[in-house]
Asker: 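Before anything else, here's the structure in question.
One is the number of the first residue; the rest follow in order along the sequence. For the numbers below, each heavy atom of this structure counts, side chains included, while hydrogens, waters and symmetry mates do not.
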Amino acid sequence: MAKPNLRHADVVIRSAHLIDGTGSPATYGDVAITNDKIVAIGDLSEVSGSREIEANARAVAPGFIDVHTHDDRAVLSDPIMACKISQGVTTVITGNCGISLAPLASKLLPPPLDLIADRPESLFPDFSAYLNALDNEPPAVNLAAQVGHSTLRIGAMDNLERPATGEEIKSMRHQLDHALEAGAIGMSTGLYYEPASAAPTSEVIELAKSIRDARGIHTTHMRNEGDHIEQSPEESFRIGRDANVPIVISHHKVGGISNHGRSRQTLRMIDEASNYQAIAFDVYPYVASSTVLGVKRLETASRIVVTWSKPHPEMAGQDLSHISEELGCDLITAARALAPAGAIYFMMSEDDVQRILSHPKAMIGSDGLPHDDHPHPRLWGTFPRVLGHYARERGLFTLEEAVRRMTSLPAAQFGLMERGKLNVGSYADLVLFNQKTVIDRATFEAPTRAAEGIDLVMVNGRAVWENGAATGARPGLALRRQSLGQMGSNTTSGC
Ligand code: ZN
C-alpha cells in the first residue's frame with residue numbers, strides 16, 4: 001500500500017496485473033519506484049511519477065533469478081547481457097558445475113573450464129579481484145558468484161586423475177576460505193567432469209565444511225545423471241548431511257532412453273531427504289542438454305548438435321551424425337576431430353522434464369552457455385518458455401506459480417533478501433510482460449532469437465530492456481555473501 005504522505009515517485013507503473021512472486025493469485029494495481037526501491041504498491045491514483053508507465057493490465061512481477069548460469073565471463077565481456085535481460089532475468093548465479101574464473105592462475109584450461117575461460121588471462125588468481133572487476137565495470141544484471149571445485153583442483157593439484165591429498169585439500173580450503181571472505185556465496189561441484197571425477201565424496205565433504213563455516217551454499221552437477229542416477233542424489237545428500245550445508249542439485253534431469261521415467265524415483269528421494277536436510281534443485285525446460293563434446297554422452301543421446309569447435313568453427317550448428325557421414329567415420333572419431341568442442345544432446349524425455357518442472361521445489365535455471373557459437377536455445381529462451389509454453393499453453397502450473405519458481409523460491413534459497421517479491425522496500429528488480437503473448441522464440445535452429453512479450457525490465461530501479469532492445473544501462477551489483485541472508489531455506493509454500 002502507498003505511504004499516506006507519498007505524492008511523487010520516480011516511476012509509477014499503472015494498471016498492472018501484479019504477480020507478487022509468492023505464488024498467490026495476481027491482484028490489480030500500481031507500483032511506484034524511487035531510486036532503486038519499490039516505494040508503494042496498490043491504488044496509487046494520488047501519486048504522480050516523473051515517469052508514468054501504463055501497463056494496461058499486463059503483468060508486473062519481480063525480476064527473474066537465473067539460479068544456474070555460466071555467465072562468469074559474459075558479465076564482463078558482454079555486460080549488457082541481452083540474452084538474459086530480454087527474458088526478464090535481473091539476477092544470475094554464477095560459478096556452477098565446478099567451474100569459476102576465480103580463484104585460479106593456470107596456463108591450462110581443461111574442459112569444461114573452457115566453456116567459460118577462453119584464455120588464461122580470463123582467470124582471476126584472487127576472488128576479490130573478480131568481484132572488484134564487476135564493481136568497476138558493472139553488468140546490466142545482479143550477480144552472486146560461487147567458487148568451482150574443479151577450479152580449486154586445477155589450482156592445487158598436479159594431477160587431476162586422483163583424489164586430493166590432505167595437503168592439497170588444505171590448500172584448496174585455504175583458497176576457498178579466502179574467496180568466501182571476499183564474498184563468494186558457496187562452492188559448486190562438477191563431479192561428472194574429468195577434472196573432478198576422481199574426487200571422492202570425502203574430499204568434497206572436507207571442502208564443504210568451509211561452506212558451512214561461512215553459512216554459504218553448495219550446488220552440484222552430480223556425478224551421474226544417467227544409469228546411476230539414484231546413487232548421485234545419495235552422494236549429494238551425504239555431503240549435505242556430513243558437512244551440514246544446504247544442497248542444490250543442478251539442472252536435475254534423467255539422461256538416456258533406458259533411464260526415462262526414473263525422475264519419479266529421484267523426486268521421491270529428494271522429498272524424503274528434504275524431511276531431514278536442506279535440499280533444493282533447479283531445472284531447464286528442454287529435453288536436450290548441452291556441455292562440452294565428449295565421448296561419454298554419445299551413446300545416450302538420440303541426436304547431437306555441435307555448438308562450437310575450436311579446429312572446426314564452421315561445423316557449429318550441424319548434427320554430429322551428418323558430420324561423421326561427411327567424414328566417413330564413426331561418431332567417436334568425428335567427436336575427437338572436432339575437440340575441443342561443445343554439443344547439444346537430445347537425451348531426456350518430455351515426461352521427465354514436465355515431472356521435474358512441476359515439482360513444487362523446482363527452481364528455474366537456464367544453464368545457458370553464453371560463449372557458444374551456436375548455443376542451446378535455453379540461453380535465450382528458458383524463462384519465457386516456462387511462462388508461455390509450460391504455464392499458459394500446457395497448463396503445467398498457474399502463471400503465478402511459474403513466477404514463484406523464478407523469484408521468491410530462488411531468492412529464499414540463495415539468501416537474496418529484498419529481491420524475489422513485490423514488496424514495498426524491496427529492490428526494484430521488475431519485469432513488465434504480456435502474460436497473453438509471452439513466449440520463447442529461440443529454437444535449436446535459430447538459438448539466439450529474443451523472446452516475445454517481455455516489454456520492460458528494471459534492475460535496481462533502472463530500465464535495462466525496453467521496446468525489444470537493451471537500453472545500455474548497467475545497474476547490476478556484484479552481491480557479496482556478507483550482504484545476503486540465510487541460504488537453503490526450504491520454502492515450498494504457495495504451490
Ligand atoms: Zn552442469
Side-chain angles (χ1 to χ4, degrees), residues 66 68-71 74 82-84 86-87 89 97 112 115 225-226 250-257 260 282-294 296-310 312-326 331 334-335 338-354 356-357 364-394 396 438-454:
D66 190 347
H68 190 95
T69 82
H70 294 289
D71 293 337
C83 57
K84 295 298 166 72
S86 62
Q87 300 183 57
V89 170
C97 299
L115 292 176
E225 297 174 315
S250 296
H251 45 59
H252 186 36
K253 65 169 101 53
V254 179
I257 293 172
H260 289 175
D282 59 78
V283 58
Y284 51 79
Y286 296 89
V287 293
S289 67
S290 183
T291 182
V292 285
L293 177 59
K296 261 198 203 173
R297 286 194 187 193
L298 296 184
E299 283 170 16
T300 54
S302 58
R303 181 187 167 202
I304 297 161
V305 180
V306 175
T307 51
W308 60 277
S309 162
K310 266 247 168 90
H312 292 285
E314 74 283 2
M315 301 288 189
Q318 291 196 39
D319 275 42
L320 188 66
S321 60
H322 176 78
I323 295 168
S324 73
E325 265 168 43
E326 294 269 289
L331 291 181
L338 295 176
I344 292 165
Y345 304 85
F346 289 80
M347 53 186 262
M348 289 92 91
S349 83
E350 180 66 31
D351 283 353
D352 281 318
V353 170
Q354 292 196 17
I356 294 169
L357 272 173
I364 309 301
S366 71
D367 200 9
L369 297 169
H371 308 292
D372 288 10
D373 294 328
H374 185 93
H376 188 303
R378 65 194 185 187
L379 176 66
W380 286 80
T382 289
F383 291 82
R385 182 169 172 79
V386 171
L387 298 170
H389 180 66
Y390 283 110
R392 186 183 61 238
E393 292 174 358
R394 306 296 296 261
L396 211 56
V438 65
I439 196 73
D440 57 309
R441 286 289 173 225
T443 63
F444 288 96
E445 291 70 37
T448 61
R449 283 206 295 237
E452 261 178 48
I454 303 288

Asker: Test: salt bridge (Lys or Arg N to Asp or Glu O under 4.0 Å). Region: residues 300-309. Which pairs qualify, not counting sequence neighbours?
Answerer: R303-D319
Asker: What do the steps show when you test L320 against V306 for side chain to side chain contact (heavy atoms under 4.5 Å, CB included), and what is the final call?
Answerer: CA-CA 6 Å; L320 188 66; V306 175; 4.3 Å; yes
Asker: Quick one: list whatever passes side-chain contact (heavy atoms from CB on, under 4.5 Å) with E326, sequence neighbours left out.
Answerer: H322
Asker: Of all residues at least two apart in sequence or in a different chain, which pass the side-chain contact (heavy atoms from CB on, under 4.5 Å) check with T307?
Answerer: S290, I344, D372
Asker: What residues, two or more places apart in sequence or in another chain, satisfy salt bridge (Lys or Arg N to Asp or Glu O under 4.0 Å) together with D282?
Answerer: none
Asker: Would R378 and Y286 count as a cation-pi pair here, with the cationic atom under 6.0 angstrom from the ring centre and within 45° of the axis?
Answerer: no
Asker: Taking only residues two or more places apart in sequence or in another chain, which ones pass side-chain contact (heavy atoms from CB on, under 4.5 Å) with H312?
Answerer: S309, E314, M315, L338
Asker: Check the angle between the aromatic planes of H70 and H68 and answer parallel, tilted or perpendicular using the 30° and 60° thresholds.
Answerer: perpendicular
Asker: Quick one: ring pair (Phe, Tyr, Trp, His ring centres under 6.0 Å) partners of Y345, sequence neighbours excluded?
Answerer: none
Asker: What are the two closest heavy atoms between A442 and W380, and how far apart are they?
Answerer: CB-CB, 3.9 Å
Asker: Please lay out, stage by stage, how F383 and V89 fare under the test side chain to side chain contact (heavy atoms under 4.5 Å, CB included).
Answerer: CA-CA 8 Å; F383 291 82; V89 170; 3.6 Å; yes
Asker: Could you list the residues that satisfy side chain to side chain donor-acceptor pair (under 3.5 Å) with H260, not counting sequence neighbours?
Answerer: none
Asker: Please give me the minimum heavy-atom distance between H374 and P447, naming the atom from each residue.
Answerer: CE1-CD, 3.7 Å
Asker: With sequence neighbours left out, write down each residue that passes side chain to side chain donor-acceptor pair (under 3.5 Å) with Q354, or none if nothing qualifies.
Answerer: E350
Asker: Can you sort out the partners of R297 under salt bridge (Lys or Arg N to Asp or Glu O under 4.0 Å), two or more places apart, ordered by chain and number?
Answerer: E225
Asker: What residues form a ring pair (Phe, Tyr, Trp, His ring centres under 6.0 Å) with F346, not counting sequence neighbours?
Answerer: F444
Asker: Only counting residues at least two apart or in another chain, list the ones meeting side-chain contact (heavy atoms from CB on, under 4.5 Å) with A339.
Answerer: none
Asker: May I have all residue pairs that pass salt bridge (Lys or Arg N to Asp or Glu O under 4.0 Å) and include part of residues 439-450, sequence neighbours excluded?
Answerer: R385-D440, R441-E452
Asker: Less than 4.0 Å between a side-chain N and a carboxylate O, is that true for D352 and K253?
Answerer: no
